[in-house]
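Data block below; observations after.
Below, read A as the first sequence line, B as the second, and so on, with proteins coming before strands; counting in each chain starts at 1. Bear in mind the structure is a predicted one, so any value in this text is a computation, not a measurement.
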There are 4 protein chains.
Amino acid sequence: MAGSLNSVQLIGHLGRDPEIRTTQSGNKVANLRLATSESWKDKAGERQERTEWHTVVIWGPLADVAEKYARKGSRLYVRGQLRTRSWEKDGVERYTTEVVVQGYGAELILLDGRNGSGGGSTGGGGGRQAARDAGGEGSGSSDGWDDEIPF
Amino acid sequence: MAGSLNSVQLIGHLGRDPEIRTTQSGNKVANLRLATSESWKDKAGERQERTEWHTVVIWGPLADVAEKYARKGSRLYVRGQLRTRSWEKDGVERYTTEVVVQGYGAELILLDGRNGSGGGSTGGGGGRQAARDAGGEGSGSSDGWDDEIPF
Amino acid sequence: MAGSLNSVQLIGHLGRDPEIRTTQSGNKVANLRLATSESWKDKAGERQERTEWHTVVIWGPLADVAEKYARKGSRLYVRGQLRTRSWEKDGVERYTTEVVVQGYGAELILLDGRNGSGGGSTGGGGGRQAARDAGGEGSGSSDGWDDEIPF
Amino acid sequence: MAGSLNSVQLIGHLGRDPEIRTTQSGNKVANLRLATSESWKDKAGERQERTEWHTVVIWGPLADVAEKYARKGSRLYVRGQLRTRSWEKDGVERYTTEVVVQGYGAELILLDGRNGSGGGSTGGGGGRQAARDAGGEGSGSSDGWDDEIPF
DNA sequence: TTTT
DNA sequence: TTTT
């Protein structure tokens, strides 16, 4: 079906360090747990808060960025898409919905430089970082059209 | 945690008519199944397509809009937020992630006027429809500030 | 500056047919005028409506899609970025802000098949169309990672 | 026209402190200059960067948040809508396009706690702050529906 | 289960 | 005029 939009945008904090895996074909994947929360006043005027936990799966060059710079407690912005996988456990089919940050339009922006986990260094990073899933392709003006005035 | 963003935007078609329920306290809820899909060429140059099915849960006035105007096959735009519910079945905990279209920032836009379900009319509508979850509140200029020139 | 987001999303109708130009280096550009509008009730309970007109500039393969399928009256979804150009007229510097649909993350979805302008044919199109600014690159799964199970 | 979307999302830094005004009717307005930028490598392999400057106009309670917590150098996320105003100068009509953060769906998230302006405190804050344009209305669950299980 |  |  042409003409779909499947876009998720999150700003939140990581509940733990990213888990990094490498597939058999050598592609890197980062698995994050990201919390968003909202607060409101209930009918009794009490402040309520709910936290939502998201599983974010990052592929490709952005996984490297996550590995290098994202830590437990890091705040980040991600744009990806919803994907629901099915898997089986004890003969029961189960479903997991993830935010997949991969391919066209994917974005990851590190929103702070703190390492969060207290202990270990991030190994050379921790600064503000941002990236796109753009294996050599790239951003708006990479095509050299910007100097042209069509109108 | 202050300062979160949890936003999902979808444009797709409904796999079936909305299911409408009313809670014990009289609130209306619409449950939709919405498909998005993407296509690409694989390494062999073959056209591939994957469809993703989303559960969209709409509360409040927007549920009325869905009930009146959305049908199997309808194309629509929604903006909502991700929410994962847990429930138990056969003693096993399970999780379901839904796109909840409710509260601040929620949007629903009907993108076509077809009824989709073949026979019956939608009962007075079917045209282009859009709405927000704005119980009488409303859009940007409802506060009458627009005539003022602050700068 | 790393870590920026500059994203505009519009759903609206075209006020006229796209204007198509080709730069000296052969790149195609489509210039659109797109209307969005909002309505609300003012303090007197009167229904008010305001229409906002946007200049949308589309580069590259998406310009071809616009040329082929978009017409006066067409409804479409675009995602692009804000860009403000300065130019001079009669010795006075002026600024124009446009929504540039180009490069990473750009999207264009035709939301209906109507030609709108009554008269001329679209020349073979008019159906539902969607595209990305992806010169051969492409969508999420074009990298063949989808069959891998990293976790 | 029903069924429009006019949404701008920015993450960037402020070029100067917010300018705060109050209209004759007592409404507060904050005027911000926010920079986004993107970088890429040109054909010669040289790193290029372009900065885009946005005028962001914030009304209502969010203007208070901006006044209290945003400073020159602050990084923030905003969601608003595009609006083009016309005005006259020296008998010439001119247009200014702004990102208006006001009304339904408007969002402002302060992404850091620094005050930026060097000396003075922000007057009790400076930490992470976020808000919506929700004059007493509010977030997703303020309607008390969350305890109900419709399906 | 939609759509193209 | 920000930031990296």
Whole Å only: how far is the CG atom of A/Leu5 from the P atom of E/dT2?
21 Å
Counting heavy atoms from C-beta on, name the nucleotide in F/dT1, F/dT2, E/dT1 closest to the side chain of B/Arg33.
E/dT1
Can you find an N or O donor on one side and an acceptor on the other, under 3.5 Å apart, linking the side chain of D/Ser37 with the base of F/dT2?
no
I'd like to know if D/Thr51 reaches the base of F/dT1 with its side chain such that a donor and an acceptor end up less than 3.5 angstrom apart.
no
Please determine, for the side chain of B/Glu49, which listed nucleotide (E/dT4, E/dT1, F/dT2) has the closest atom?
E/dT4
For A/Glu88, what residues pass the side-chain contact (heavy atoms from CB on, under 4.5 Å) criterion, not counting sequence neighbours?
none
Is D/Glu19 salt-bridged to D/Arg21, cutoff N-O under 4.0 Å?
yes
note: D/His13, atom NE2; F/dT4, atom C1'; distance rounded to Å ~ 8 Å
Using atom CZ of D/Arg50 as one end and atom P of F/dT1 as the other, report the distance to the nearest whole Å.
20 Å
Starting at atom CZ of D/Arg16, determine the distance to atom C1' of F/dT2, rounded to an integer number of angstrom.
11 Å
Between E/dT1 (C1') and B/Leu32 (CG): distance, integer Å:
13 Å
If I take atom CG in residue C/Leu111 and atom P in nucleotide E/dT4, what distance separates them, rounded to the nearest angstrom?
13 Å
Pi stacking test for B/Trp53 and E/dT1: under 5.5 Å apart, planes under 30°:
yes
Sequence neighbours left out, what passes side-chain contact (heavy atoms from CB on, under 4.5 Å) with D/Thr84? Give chain and number order.
C/Glu52, D/Tyr95, D/Thr97
When rounded to whole Å, the CD to C1' distance for the pair B/Glu19 and E/dT2 reads 15 Å
Nearest whole Å is fine: how far is F/dT3 P from D/Leu76 CG?
12 Å
side-chain contact (heavy atoms from CB on, under 4.5 Å) partner of D/Leu34, the single match among D/Ile11, D/Leu76, D/Thr55:
D/Leu76
